[in-house]
Amino acid sequence: MKKIAIIGSTGSIGRQAISVIQRNADRMEVVAIAANGGGERFARQAEALRPAYAALRQPVQVEAPQGTRFCSGEEAFAEACAYPEADLVLIAVSGFAGLKATMTALEAGKDVALANKESLVVGGALIRELAEKTGAKLLPVDSEHSAIWQCLHFDRGAPFKKILLTASGGALRDVPKEELEFVTAEQALAHPNWKMGAKITIDCATMLNKGFEVMEAMQLYDARPEQIEVLVHRESIVHSMVEFCDGAVLAQMGVPSMELPIQLAFTYPERLDCALPSIDFIKLKSLHFEQVDKERYPCFELALQCAQRGGTYPCILNAAGEIAVTAFLNGQIKYTQIAEIIEDTLGANIDGDACSYEALARVDGAARKIAQAQIDGR
Ligand code: MN3
């Protein structure tokens with residue numbers, strides 16, 4: 001039995017992970033769940049799964065079922081991330097908040113199935129150092145990075161020439177550029193291929209998400225930025241590809257589903273039934289690949305610059321992005337202002353370094369303040 005702790009159980013990835021575990025109940029079980037805020041969904045999960053431990057970060061009380069120990073607060077949340085009985089910890093928290101959770105799990109020597117890409121974007125060097133020190137494994141859950149991992153035969157250290165990272169282009173890929181200024185949150189949230197949380201769906205529309213994924217791939221596969229090529233691939237059938245030194249290219253394909261990469265992080269190298277339909281290639285007929293349109297996706301360009309510059313730039317990028325996307329979702333700024341807020345925040349002088357969690361948290365806080373001040377000033 002593989003014992004799994006799910007951090008961020010009420011989010012989109014957390015819920016799909018629970019579905020994977022319930023489908024494979026003879027091989028894996030949930031020993032701990034944790035989420036930020038409580039609510040009915042968390043209580044229902046505790047009732048259905050009966051984990052040994054359940055924790056909420058917010059200091060709220062939840063009626064826990066018999067046999068489940070419930071605690072709340074920062075320390076209780078950290079206890080779930082390092083839960084002693086867990087063989088594997090899934091970090092499915094969204095945003096900067098995931099960094100601390102990932103570090104806590106790795107410090108405890110836990111193998112981490114990583115769905116929080118921000119951990120690697122913001123604190124890549126710290127995360128890799130910690131994993132190396134404790135011998136804990138980092139297992140990719142992001143579909144593109146799982147695809148690369150599969151093409152490398154589950155060996156993150158295997159040699160390759162180039163990574164071909166695919167992108168759907170997001171919900172606004174066909175909206176004329178001059179109309180982007182006027183799109184609503186509802187339009188930007190209507191992703192053509194994937195059902196995900198709100199923040200990441202907007203990040204897909206701006207392709208900030210793909211910029212994050214370039215940095216995630218750099219960290220996971222020790223790749224230089226110039227070794228990663230991003231292709232817009234509308235069908236989301238090829239989840240990414242790897243080119244090897246002899247010119248051979250391996251692609252991982254499948255119908256779009258996060259359950260496959262989640263399940264694989266739990267069972268690799270073994271593959272189990274994932275209750276997914278087969279690709280119908282006859283019906284599909286063709287697959288398309290295009291260059292990224294730089295004018296349509298300024299956030300992507302900003303992210304690539306941050307990938308090159310390193311240091312605290314990715315942290316500032318992420319913080320400004322979180323604030324700007326929240327403001328867009330709340331109707332405070334226009335869609336096209338997301339990139340402007342990020343660019344202006346990157347241009348501000350924010351002191352600091354990326355050498356510790358505390359240092360990064362200070363940079364994150366400062367960047368959020370600057371981004372928020374710009375939004376309030378508009
Ligand atoms: Mn992805």
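Just the heavy atoms: all of them, side chains too, but no hydrogens, waters or symmetry mates, feed the values below. Along the sequence shown, residues carry numbers from 1. Because the structure is a prediction, the values reported are computed rather than measured. Counting convention: from 1, in listed order, for ligands and their atoms alike.
Sorted by first and then second residue, the ring pair (Phe, Tyr, Trp, His ring centres under 6.0 Å) pairs with a member in residues 319-343 read Phe328-Tyr335; sequence neighbours excluded.
In Asp142, the N, O or S atom that comes nearest to the Mn ion (ligand 1) is OD1. Looking only at N/O/S atoms, Glu144 comes nearest to the Mn ion (ligand 1) through OE1. Summary: OE2 is the N/O/S atom of Glu213 found nearest to the Mn ion (ligand 1).
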Anything under 3.5 Å between a donor and an acceptor, one on a side chain of residues 280-287, the other on a protein residue two or more places apart or in another chain? List them.
from	atom 1	to	atom 2	distance (Å)
Asp280	OD1	Ile282	N	3.2
Asp280	OD1	Lys283	N	3.1

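Between the side chains of Ser146 and Gln150, at least one donor N or O lies within less than 3.5 Å of an accepting N or O.
Hydrophobic clustering (ILVMFWY, side-chain heavy atoms < 4.5 Å, transitive): Leu106 and Ile4 are in one cluster.
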